[in-house]
J.: 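Encoded as C-alpha cells, here's the structure I'll be asking about.
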Amino acid sequence: MSNPTPLDGPGLEEGKTMVADAPAAPAPGREGRRRHAKKEAKPASLWTDAWHDLRRRPMFIISVIIILILLVMAVWPSLFTSIDPFDARTCDLSAARQGPGPGHLFGRDNLGCDLYARTIYGARNSIVIGVLTTVLTAIIGGLFGIFAGYRGGAIDTLASRITEVFFAIPSVLGALLIASTLRGKYNSILLVILALSVLGWPMVYRIMRAAVITAKSQDFVVAAKALGAGSGRIMFRHLLPNSLASVIVVATINLGTYIAAEAALSFLGVGVQSPDISWGLMIADARDRFITAPLPLVFPALFLSITVLAFIMMGDAVRDALDPKLR
Amino acid sequence: MASGSEPVLEVRDLVKHFPLTQGILYKKQIGAIKAVDGVSFDLRKGETLGIVGESGCGKSTLAKVLMALEQPTSGSVRIGGRDISKARGGELKRMRRNIQMVMQDPYTSLNPRMTVGDIIGEPFEIHTDVAPKGDRRKKVQELLEVVGLNPDHINRYPHQFSGGQRQRIGIARGLALQPEVIVCDEPVSALDVSIQAQVINLLGRLQDEFGLAYIFIAHDLSVVRHISDRVGVMYLGKFVELGKDAEIYDRPAHPYTQALLSAVPVPDPEGREQRERIILQGDPPSPANPPSGCRFRTRCWKAQEICAKEEPLLQIRPGTAHMSACHFAETHDVVHAG
Ligand SMILES: Nc1ncnc2c1ncn2[C@@H]1O[C@H](COP(=O)(O)OP(=O)(O)O)[C@@H](O)[C@H]1O
Ligand code: SF4
Ligand SMILES: [Mg+2]
C-alpha cells in the first residue's frame, strides 16, 4: 500500500478492494468476526447507514426534489420564466388582476405585473434568508454550545441564562421589535437575517450543548485527554463530529421556520421592502383584494407553504434516519 | 521480567476524595467519597503489577489519578522521578508520553467518527515531533501489524471490527508513543472469555518486545494471575495485601485475599473438591463512610476488638514474606488447602 490520501483515486481503489475481499480474507485478529460478518459487505458509518435508510423514504425523496427545484429557482430564476419582474415595462396597470391566460400562467397582480415571474423570483429571498439565518445561528449557537458544554462552569451558567431570556421572547414578536427599531438603517434583507439570527441561535445552542455534554463523558474523550490532546482538538475533532447530527436536524427544520418568519415580517411591513420581491410581501400586497382576486395571494402562499413544509419534512426524515433506535 | 531495578513509577500515599456537596447556590461539602485513600507502590521497568478488588473499590479512580486525568487530593505519582500530578502544560504533555492507558470498554473508547488510521495516528498528531508527517501512515500500519490486525484495514471505522479487534486498536493507540508504563483498566472484562486469553497473550508479547511496565487492573484474581509479577489487593480505597504473585496465590495472609481466592475457579477438579469456600457476608460498606480501624472488619470472620480501634498498616508481618494489612495476618493456602 503506497500512500494514498483518502480522497484521490488510489484511495478509492483501495477502499474497493478492501470491501470486496473482506468476506474471503480472514483478518489476523479473527475473533468474533461472525458478529459483523453480514455488515462487513457495506462500508458503514452513521451517515452511510442513514443514507441507505433515507433513500428508501418517499418523504425524504419528495422533499429533496422540491428543495433542489427551489434552489435552482433561487439561483437561476430566468430558467423558469423569460419575464424580468424588475422591469417595469413588463407590467400593464390596465390589465391588473387579470386571470391566468397565455403568456401569464398565474395571471397578473394588483399592478398588472406577471404573477408567475414574481412568484418565481420570490424564491431567492426566501432561500437566501432561510439559508443565511440557518448558517449564522448554527455558527453562533454551535460555538457557544460546544464551549459551554465542554467547559461547564461560569461560561455555561452565563450562556444558559442568556438563552433563557431569549427563549422567553416569542420569535416573531422579538424579530418584529428588532427589525422595526433598526428599519431603514440597513439593507432590509440583511436586517431580517440579523433579527432572526439573534432570536434563533439559542435553540441551536441548547441542542449542541446537550449533545456535547453527552459526548464528553465518553471514554474516547478520556483517551484523547490521556494522549495529551488540547481543548481545541477535543472540541473540534472529537465532540463536534459526534454532536453534529442533532444540530443538522434542528437546523434543517429551523430553516423552514425562518422562511415562514421572513414572510411574516415582510407581511407586517418590517421585512423585505419593495422593490425587492418576497412571498410575504406579495401576500401583504394582495390581501386587500383577496375576495375579488384571490390568485395573487394564493400562489405565493402556496409556494411558501410547500417550501416551509419541504424543509421541515427533510429535517424530520434525517432525524429519523440518524436515530438508530428508530431503525 | 522484573529485570531493571530503578522504578519507572513511584506512587506515595495517594489519596483521592470526591467531595459530596449539598445545596444549589451555596455548595456545602457534607462529606467525601474516599475512592482512593492512601496507596503506595513502586513499579519497575518491564514489571507487571496486578491490582484486584471488587467493583467500586477505587481501581479506576486510581488509574485516572496515575494518568493525571484526575487531580489527587494528596500524595504523589512520580514518573522517572518527576511528579505528574504537579506537572502542567508542556511538561505534563511530555510526561504523558511515558504513561498511556488501555481502557475497559472497546465500544466506547474509540471515536466512532474516526477511521482506525486516524485513531492510532492521533498520538503522532498531538506529539508532532515523535514522527514526521510523511512517516505517520506507515507507522500506523506497523502498529496495526504489531497488534495482529491487517494493516490494509487502516481506512475502516471502529464498528467494522469485533470487540477483541477493537481492543487491539486501543492497545495500538497506547503503544504509539512508546511509553514505559501502560495502565490497563480491566482490559478484557468486556470481552468474551475465549478472546480474553488472546488479548492477555498479546499484552504479554508486547511487554517482552518493548520492555513495557504494566499496571493491570481486574476485579478477578484469575485474570491477573497469568500476567502479573506482583499483585496488590484493594479494598475500599486501600491496598490490603501486596506481594509477589506466587506469595499472594499460595500464601495469602489477609482474610479478604483468602476469601477472593477461595472463589477463584481452579482447573483441577480434584483441587476443587478439597478446597474450602469462604463466602463473604454482605456488601462492601460505602466509601463515603468507611468503618473505623480495619475497613474489612464488618465482613471479617476473624475480627476482634482491636480491629475497630486500630487501623492495621500495610507491612510485612511475622510469618509472612510480603506486606499485608491485618492485625492477625497468617498465611493460609486456600487454593491447595487439604
Ligand atoms: N467522578 C466521581 N465523582 C464522585 N464519585 C466517584 C467518581 N468516580 C468514582 N466515584 C466513586 O468512587 C468509588 C470508586 O469508583 P471506581 O474507581 O470507579 O471503582 P472501580 O473501578 O474499582 O469499580 C465509587 O464509590 C464511585 O462511586
Ligand atoms: S485487621 Fe481484623 S478485621 Fe481486619 S482483616 Fe485483620 S482480622 Fe479482619
Ligand atoms: Mg472500574
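Each chain gets a letter, A, B and so on, in the order the sequences are listed, and its residues count up from 1.
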J.: Please flag which part of Glu125(B) lies under 4.5 Å from any non-hydrogen atom of chain A: side chain, backbone, both or neither.
T.: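 For Glu125(B), the contact with chain A is made by backbone and side chain together.
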J.: Give the member of Met103(B), Glu145(B), Arg94(B) that has the highest number of heavy-atom pairs under 4.5 Å with chain A.
T.: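 The candidate making the most pairs under 4.5 Å is Met103(B).
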J.: I'd like to know if the side chain of Thr48(B) pairs up with that of Gln207(B) as donor and acceptor (distance under 3.5 Å, no hydrogens or angles considered).
T.: yes
J.: Just so I know, are the side chains of Lys225(A) and His238(A) near enough to count as touching, which here means a heavy-atom distance under 4.5 Å?
T.: no
J.: Flag yes if more than 12 heavy atoms outside Glu142(B) fall under 6.0 Å of its CD atom; otherwise flag no.
T.: yes
J.: Could you tell me how the ring of Tyr205(A) sits relative to the ring of Trp201(A): parallel (under 30°), tilted (30 to 60°) or perpendicular (over 60°)?
T.: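 Because their plane-to-plane angle is over 60°, the rings of Tyr205(A) and Trp201(A) count as perpendicular.
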J.: If you define the side chain from C-beta out and look only at heavy atoms, does anything of Leu199(A) sit under 4.5 Å from Tyr258(A)?
T.: no
J.: Are Asp185(B) and Ser60(B) close enough, and set up right, to give a side chain to side chain donor-acceptor pair (under 3.5 Å), and what steps lead you there?
T.: CA-CA 7 Å; Asp185(B) 187 0; Ser60(B) 296; 2.8 Å; yes
J.: Anything in residues 211-222 of chain A with a heavy-atom distance to chain B below 4.5 Å? Please list those residues in order.
T.: Gln218(A), Asp219(A), Phe220(A), Val222(A)
J.: Go through Ser55(B) and His219(B) one step at a time and tell me if the side chain to side chain contact (heavy atoms under 4.5 Å, CB included) criterion holds.
T.: CA-CA 6 Å; Ser55(B) 156; His219(B) 58 253; 5.5 Å; no
J.: Measure Ile119(B) against the heavy atoms of chain A and call it side chain, backbone, both or neither at under 4.5 Å.
T.: neither
J.: Below 4.5 Å from any heavy atom of chain A, which atoms of Met95(B) appear? Answer side chain, backbone, both or neither.
T.: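 Met95(B) has no heavy atom closer than 4.5 Å to chain A.
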J.: Examine whether an atom of Leu69(B) lies under 4.5 Å from a heavy atom of chain A, and if so say whether it belongs to the side chain, the backbone or both; otherwise answer neither.
T.: side chain
J.: Output the option from Arg173(B), Met67(B), Arg97(B) having the highest count of non-hydrogen pairs under 4.5 Å with chain A.
T.: Arg173(B)
J.: What distance do Ser85(B) atom OG and Gln71(B) atom CD have between them, rounded to the nearest 0.5 Å?
T.: 6.0 Å
J.: Are Asp192(B) and Ser194(B) linked by a side-chain donor-acceptor pair shorter than 3.5 Å?
T.: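 No donor-acceptor contact under 3.5 Å links the two side chains.
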J.: Output the residues of residues 149-169 of chain A for which the shortest heavy-atom distance to chain B is under 4.5 Å, in residue-number order; output 'none' if no such residue exists.
T.: none
J.: Using a 4.5 angstrom heavy-atom cutoff, name the option from Ala223(A), Ala226(A), Ala224(A), Ala229(A) with the most pairs to chain B.
T.: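 It is Ala226(A).
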J.: Please name all residues satisfying side-chain contact (heavy atoms from CB on, under 4.5 Å) with Val135(A), sequence neighbours left out, ordered by chain then number.
T.: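 By the side-chain contact (heavy atoms from CB on, under 4.5 Å) rule, Val135(A) matches Val131(A), Ile139(A).
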J.: Can you list everything that forms a salt bridge (charged side-chain N to carboxylate O under 4.0 Å, His left out) with Lys93(B)? Sequence neighbours excluded, please.
T.: none
J.: Of Leu144(B), Leu149(B), Val116(B), which is the lone residue that meets side-chain contact (heavy atoms from CB on, under 4.5 Å) with Ile154(B)?
T.: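 Result for side-chain contact (heavy atoms from CB on, under 4.5 Å) with Ile154(B): Leu144(B).
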J.: Kindly determine whether Glu70(B) and Phe18(B) satisfy side chain to side chain contact (heavy atoms under 4.5 Å, CB included), including the steps that lead there.
T.: CA-CA 10 Å; Glu70(B) 292 275 7; Phe18(B) 293 106; 3.9 Å; yes
